[in-house]
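Single-structure report; data block below.
This structure is a prediction, so every number in the text was calculated from the model and none was measured.
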Amino acid sequence: MGIVNIEDELHDQVRLATKVSCRSINAQAAFWIKVGMLCETNPTLSFNEIVARELAAAGVSAPPLALRAA
């Protein structure tokens, strides 16, 4: 494990995102780094496709949501 220096503004954004994602600051930063790396190495896939593939690879299977009538 090492230390990564990031700009204060980016650190503030990571800290704010933790409130929504229920992750620690380190876990949120690691998530963004991993997803960013996957996006760069798989430019034809969308964010949602990448997350779906990662969830499937981890064995997570969520049923599709049913559409509600308006």
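- Between Met37 and Ile33 the shortest side-chain heavy-atom distance does not fall below 4.5 Å.
- Side-chain contact, Thr18 with Gln28: no donor N or O sits under 3.5 Å from an acceptor N or O.
- Between Leu45 and Arg53, the closest side-chain pair of non-hydrogen atoms falls below 4.5 Å.
- Partners of Glu49 according to the salt bridge (charged side-chain N to carboxylate O under 4.0 Å, His left out) rule, which considers only residues two or more places apart in sequence or in another chain, do not exist here.
- At a threshold of 4.5 Å between non-hydrogen side-chain atoms, the residues Cys39 and Ile50 count as touching.
- Residue Val20 is not grouped with residue Phe31 when hydrophobic side chains (ILVMFWY) are merged at heavy-atom distances under 4.5 angstrom, including chains of intermediate members.
- Placement of Val4 and Leu10 within a single hydrophobic cluster is found when ILVMFWY residues are connected by side-chain heavy-atom separations under 4.5 Å, directly or transitively.
- Rounded to the nearest 0.5 angstrom, Arg23 CZ and Trp32 CH2 are separated by 9.5 Å.
- Scored by the salt bridge (charged side-chain N to carboxylate O under 4.0 Å, His left out) test, Asp12 finds Arg15 as partners (sequence neighbours excluded).
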